[in-house]
Amino acid sequence: MLDNFNFLLMKSNLTLLSVFTCIGLAAQNIQNNPQSNHGNKFEQLGTTLPTPNIYRTASGAPGHGYWQSRADYDIAAYLDEDKRNLKGSETITYYNNSPDDLEYIWLQLDENEHSSINNADYGFSSTIPQITTEQNIRSTELPIKDNGYGVRLEKVTDLLGAPLTYTVNKTMMRIDLSKVLKKGEKFIFKVNWNYNIPERAITPGARGGYENFPEDGNDLYTMAQWYPRMCVYNDFKGWQNHQFAGVGEFALAFGNFKVSINVPSDHLVGGTGECKNYEQVLTPDQLERYKKAETSSEPVEIATLNEAKKAEKNHAKQRKTWIFEANDVRDFA
């Protein structure tokens, strides 16, 4: 009897131990979930970081041979408010600071994510969810119709105007170089493009676009991911050439930007970096307030509410060009 009782007690304890072990393992697996994008706060980095080398140390810090390539941009943009179209031309100077010879370069065409014929769109299933929109149902129509969105490349040339060979693959563009770009060399090329600006409120994944105010017949423009941008080339991944699906961001090369933005004269423009011509684009009163704001310890309204309301009703046909410069930044908005 005693032996049977001890056996049952031992069996019961083993069962409880098994239950608690499973609970413990389940809790640990949740905390150290390999599918997680953050992991355990005390997790070791052995499987996260690449093998240490001269470019990157075991801690992830730059090694003694670390490098970054650079991309400088000189961009001229033109907003056609009537057509809700943005037209641009850019000169990109790409500096190959890597130890590798490059036979081609990659650029991002993020606006193609909104195109019905030239988008990534692989991040979504082909099934219709319980709650959907008319816009989502349209994406299943065959044959696929061009919705008019996405980047229209007008011209891709070298500095002297000779056409460059390029391939567009959804939200990415590869340019094949006529001559290998060696370490320490730079490549200067030009891209002319335009695209129809999407309405942010009804366009899935729109990071930039226009917001319409029907009561006064005006649009507010917030422009992001609006120009063809150089991809990053680094030591552990090579070219970043993943498609943009509207649900993530990519690293970009640092560089210097010179950007001119031509808009109707009743618009106010804010941009990355510093505006270099406030004297030409602000009214005398606004300029005086701006100069006051430079040394003020309190916020100063550069454009007043009354001025904004007056501009809403103006719909000016005259135009102004705003000029911005930003150094050592990775993007311009």
Side-chain angles (χ1 to χ4, degrees), residues 37 47-57 60-63 65-75 88 90-113 115 118-123 150-151 153 155-159 162-193 205 207 224-257 328-332:
N37 64 358
T47 59
T48 304
L49 297 176
T51 304
N53 51 42
I54 62 171
Y55 308 121
R56 297 164 192 268
T57 65
Y66 181 75
W67 52 268
Q68 285 188 30
S69 290
R70 186 176 118 215
D72 293 344
Y73 297 83
D74 192 336
I75 305 175
E90 65 183 354
T91 299
I92 302 176
T93 304
Y94 183 71
Y95 298 84
N96 180 20
N97 295 331
S98 79
D100 305 326
D101 293 343
L102 302 179
E103 298 180 1
Y104 52 83
I105 58 177
W106 280 96
L107 282 81
Q108 297 172 201
L109 303 179
D110 302 277
E111 276 297 321
N112 277 356
E113 194 265 332
S115 169
N118 217 4
N119 64 350
D121 206 28
Y122 61 83
V151 178
L153 294 168
K155 189 164 57 173
V156 182
T157 69
D158 64 17
L159 184 60
L164 295 172
T165 301
Y166 65 88
T167 302
V168 174
N169 181 358
K170 298 180 183 286
T171 61
M172 306 298 302
M173 175 170 72
R174 195 184 83 170
I175 297 178
D176 296 318
L177 305 179
S178 57
K179 187 179 75 170
V180 170
L181 185 64
K182 296 185 176 296
K183 174 184 178 181
E185 294 181 344
K186 64 183 180 182
F187 177 62
I188 306 175
F189 63 103
K190 298 183 176 184
V191 182
N192 289 13
W193 81 98
R207 302 297 180 88
Q225 302 170 331
W226 56 278
Y227 61 98
R229 308 184 293 176
M230 284 298 307
C231 296
V232 166
Y233 182 82
N234 58 31
D235 59 279
F236 72 93
K237 203 172 185 179
W239 284 108
Q240 186 302 108
N241 55 8
H242 293 301
Q243 298 287 352
F244 176 61
V247 292
E249 299 285 353
F250 301 121
L252 295 167
F254 281 86
N256 300 333
F257 285 78
D328 298 320
V329 298
R330 58 179 289 277
D331 203 0
F332 188 100

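It should be emphasised that the depicted structure is a prediction, and the values quoted were computed from it without experimental measurement.
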Inter-residue atom distance Asn118.CG - Asn169.CG, 0.5 Å rounding: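 Between Asn118 CG and Asn169 CG, I get 8.5 Å after rounding to 0.5 Å.
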Considering non-hydrogen atoms only, spot the tightest contact between [X] and [Y] and give its length.
X      : Y      : answer
Met230 : Ala71  : CG-CB, 3.9 Å
Trp239 : Tyr94  : CH2-OH, 3.6 Å
Trp193 : Val151 : CB-CG1, 4.0 Å
Ile75  : Glu90  : CG1-CB, 3.8 Å
Pro99  : Lys183 : CA-CD, 3.9 Å

Over 12 foreign heavy atoms within 6.0 Å of CD, Glu103: no
Tyr104 atom OH, over 12 foreign heavy atoms within 6.0 Å: no
Criterion side chain to side chain contact (heavy atoms under 4.5 Å, CB included) against Phe189, the qualifying member of Ile175, Thr91, Thr93, Thr157: Ile175
Can you find a heavy atom in the side chain of [X] that is under 4.5 Å from one in the side chain of [Y]?
X      : Y      : value
Gln225 : Thr171 : no
Tyr233 : Ile105 : no
Asp110 : Arg229 : yes

Chi angles and distances behind the side-chain contact (heavy atoms from CB on, under 4.5 Å) call for Val168, Met173: CA-CA 4 Å; Val168 174; Met173 175 170 72; 4.3 Å; yes
Ring centre gap for Tyr73 and Phe257 strictly below 6.0 Å: yes
